[in-house]
Amino acid sequence: MITLRDVCKAYGQFQVLSHCSTHVAKGEVVVVCGPSGSGKSTLIKTVNGLEPVNAGEIIIDGVSVTARGTNLSTLRARVGMVFQHFELFPHLSIIQNLMLAQVKVLKRTRPQAHKKGMALLDRVGLVAQAHKFPGQLSGGQQQRVAIARALAMDPVALLFDEPTSALDPEMINEVLDVMIELAREGMTMMVVTHEMGFARKVANRVIFMDRGEIVEDAEKNAFFDQPRSERAQQFLSKILVH
Amino acid sequence: MSYNWNWSIFFEPSLDGTHTYLTTLLWGAGWTLATAFAAFAIALSLGSVVGVARTAPQAWVRALSTCFVEVLRNVPLLVQMFLWYFVLPELLPDELGTWLKQLPDAQFYTAVVCLGCYHAARMAEVVRAGLQSLPGGQRMAGQALGLNLAQTYRYVLLPMAYRIVVPAITSEFLSCTKNTSVALAIGLMELTGSARAMQENSFQIFEAFSAATTLYLALNLIIIFAMRRVERLAVVPGYGTPQKAA
Amino acid sequence: MLNGFDLQVVINALPYLFMTGMAFTLTLTAFATLAGIAFGTLLAMMRLSRHRALAYMAAGYVNLLRSLPLVLVIFWFYFLVPYLAQWAMGASRPVRVDPFWSSVITFTLFEACYFCEIIRAGIQSLPKGQLLASQALGMHGGQSMLYVVLPQALRNMLPLMLTQTIILFQDTSLVYVLSITDFLGATAKVAQRDGRLLEMYIFAALVYFVISLLASHAARRLQRRVAIIR
């Protein structure tokens, strides 16, 4: 479904990503973790072309993201993305947030888009908030709306960029529950997160990044039980102590 | 002070013989408003285009729009007025130049275009500031949903940017209204020009300028009052209160 | 009609344009800036003062002048100043005032309102905690203003003050409406005398542009240098 081959990216002298390669199969859930500044957020943004790369190739569902002439907008419409800071559009009501791209990009009629939007709000338990504005919702609610907004496009895969790290602790679980359910339904997901509990529960594989490199790319159990690299061991010991 | 006040001067006929001084002043205020509205319509639309261009991904688009802004901001308005009124017809082919010079109300059109461009440069900076005050993730979120660049600006970035800069738009509009007075130098009979003409013809200096001052204050109040309503319409529920946990 | 650009006209006029015109413009800008900042500071202090009457008076003055076009204010003071001088000096008839000093007074009184708002915003933009912290250290009002608030606020306002000075420099061209020979006035006189509007006005635009552009670049550089890292 998602293939990265030798992806490199640099800001001037600073190498953000060096020779990153991996593959996410259909229905697979892959968690990307690593210390801050390791390049994991940049990596996931390269997948749908939000961050351009200097070298390498990225292919989603048979379409190259990196090739010249690819219509990135069409491609992005098929890959959902959920951001750390939600990035709901503050001037639109919740249901309008869900409808905008359906109408403007997928050319659905407004009644169709509305119906789909309400169904998804029902799914994340926020039908009652449909006509409120993003600023009137809690962080956890906003992130659930953001997930619903991504799902409204009927994506072939979902990308999550630290979806819970801007949330107050008591709101993390309501978002994770939605994500776990999606994973169990067989959604292809690539998730940048520090939530190792989530990884243990639903991930198929874990990718560990440090200093712009993919240091480890292993089956979930192999990664947690016996990480091969020293850096991954240190990272896990720091993160799992508490 | 040895000054002879004569407030009844307003009801005496002005030099044209038919209208009173008061009527000529009110006409002046009318020209001021007409010029300000027309010029600001240009300023808003052209300024939005240039402001968006200032944040465009293409370097040459940014450079071009920066030039526009820098040139129009660094030449005094009065000099620009002279360039549009005296110099532009000389630069054009003969027939076109003559046509421009003989246009009825040429001063009005010149003032509108000149003020429109001048304030467009300033509006461009306002729009750019609004766009840049938005979190970078908004642009990404729009694009991640498959919106193209134009759609992202149209549906995601600009609606929010405009709302944020409504107060700045208000003050630009006020400043545009005041700046119409510069057009008296090319002979537009706007409010200050009418007051000046009244002062020269009737020698009642302070009555003329007091009346103009009162009318400007009234215009200001009307604009501020109208823009308050716009500001209320622009309020986004829940926005402006702490929204992000980061 | 376009007879080609006659550079010689401009070159011949250069001494007059700069020695008379630009000299007037620059001295007027300098005087009005200094006096405007001084009066503007006073107005800002009044606006921030605890005495309601002072605050209202200053606010009324600032808001009145900021709602009027500069051209109208120029006319007002041009005619008002002789009467004020008569009143101040007890003369029997309105006193003739030199156009230069009349302009200095006008621009000082007008631009002071804009400087006042810059200074007020600069002081108010400081976090309240700074004032509390200095009071917690035992400083009294004047001391915390002098040692804590102003040093920080001044840095914040310096770039804006420079920008305002550039605006003032451009605004002085409006004394043209009184037929005063500032830089633009001088240019216009030559333009009309020689019938060379094209050359003279383009040259004037160019000179204003270069000076303002250089000054605003300097202001931007200064802004980076004095910025407080937080």
Side-chain angles (χ1 to χ4, degrees), chain A residues 44-45 47-52 71-93 96-98 100-106 131-140 142-143 146 149-150 152-153 155 158-159 161-162 164-169 171, chain B residues 48 51-52 55-59 61-62 126-127 129-169 230-246:
Chain A
I44 201 154
K45 283 180 185 137
V47 172
N48 62 352
L50 287 177
E51 291 276 5
N71 187 333
L72 279 179
S73 296
T74 317
L75 184 127
R76 285 170 184 150
R78 303 177 58 218
V79 184
M81 181 143 197
V82 176
F83 296 85
Q84 182 179 6
H85 296 294
F86 334 133
E87 303 301 351
L88 296 179
F89 307 134
H91 61 293
L92 299 178
S93 70
Q96 285 171 328
N97 260 280
L98 267 67
L100 177 69
Q102 291 191 65
V103 173
K104 299 297 170 191
V105 179
L106 300 182
H131 297 288
K132 288 194 179 161
F133 285 80
Q136 297 170 308
L137 267 55
S138 74
Q142 289 193 55
Q143 196 61 299
R149 181 174 73 176
M153 306 295 285
L158 279 180
L159 307 172
D161 182 14
E162 304 204 31
T164 56
S165 54
L167 295 175
D168 293 335
M171 294 173 183
Chain B
S48 299
V52 166
T55 66
Q58 298 84 357
V61 176
R62 286 200 306 272
V126 168
V127 171
L131 287 170
Q132 287 179 343
S133 73
L134 301 174
Q138 288 281 303
R139 181 189 291 253
M140 281 195 180
Q143 295 191 324
L145 284 169
L147 298 172
N148 60 34
L149 193 61
Q151 287 173 321
T152 307
Y153 272 104
R154 164 75 181 77
Y155 298 112
V156 176
L157 302 177
L158 280 174
M160 212 45 218
Y162 279 131
R163 283 173 165 84
I164 291 170
V165 300
V166 170
I169 294 178
V230 176
E231 263 168 62
R232 264 197 302 263
L233 288 178
V235 167
V236 174
Y239 191 81
T241 48
Q243 177 197 17
K244 283 183 186 136

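Source: prediction; values computed, not measured. Chain letters run A, B, ... following the sequence lines, proteins first and then strands; every chain starts at 1. Only this structure's heavy atoms are used, side chains among them; waters, hydrogens and symmetry mates stay out.
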task: Find the one option among B:Gly146, B:Gly142, B:Pro159, B:Gly137 whose heavy-atom pairs under 4.5 Å with chain A are most numerous.
output: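 The option with the most such pairs is B:Gly146.
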field: Most chain A-contacting option - heavy-atom pairs closer than 4.5 Å, from B:Ala144, B:Ala141, B:Pro237
entry: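 Of the candidates given, the most pairs with chain A belong to B:Pro237.
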field: Interface moiety of A:Phe83 toward chain B, non-hydrogen atoms closer than 4.5 Å
entry: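 Only the side chain of A:Phe83 comes within 4.5 Å of chain B.
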message: Please classify the contact between A:Val79 and chain B as side chain, backbone, both or neither, with a heavy-atom cut-off of under 4.5 Å.
response: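 When you check distances to chain B, only backbone atoms of A:Val79 fall under 4.5 Å.
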message: B:Met140 and side chain to side chain contact (heavy atoms under 4.5 Å, CB included): which single residue from A:Glu87, A:Glu51, A:Met81 fits?
response: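 Exactly one pass, corresponding to A:Glu51.
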Closest-packed option against chain B by number of heavy-atom pairs under 4.5 Å, given [options]:
| options | value |
| --- | --- |
| A:Asn48, A:Asn71, A:Leu100, A:Leu72 | A:Leu100 |
| A:Lys104, A:Met171, A:Met153, A:Arg149 | A:Lys104 |
| A:Arg78, A:Lys45, A:His91 | A:His91 |
| A:Gln136, A:Gln102, A:Lys132 | A:Gln136 |

Least distance between heavy atoms, A:Pro90 atom then B:Met160 atom: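 Smallest interatomic distance, heavy atoms only, reads CG-SD, 3.6 Å.
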field: Side chain proximity check, B:Leu145 to A:Phe89, heavy atoms < 4.5 angstrom
entry: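 Side chain of B:Leu145 against side chain of A:Phe89, heavy atoms only: contact under 4.5 Å found.
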task: Measure B:Gln151 against the heavy atoms of chain A and call it side chain, backbone, both or neither at under 4.5 Å.
output: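 Side chain of B:Gln151 only, per the 4.5 Å heavy-atom cut-off to chain A.
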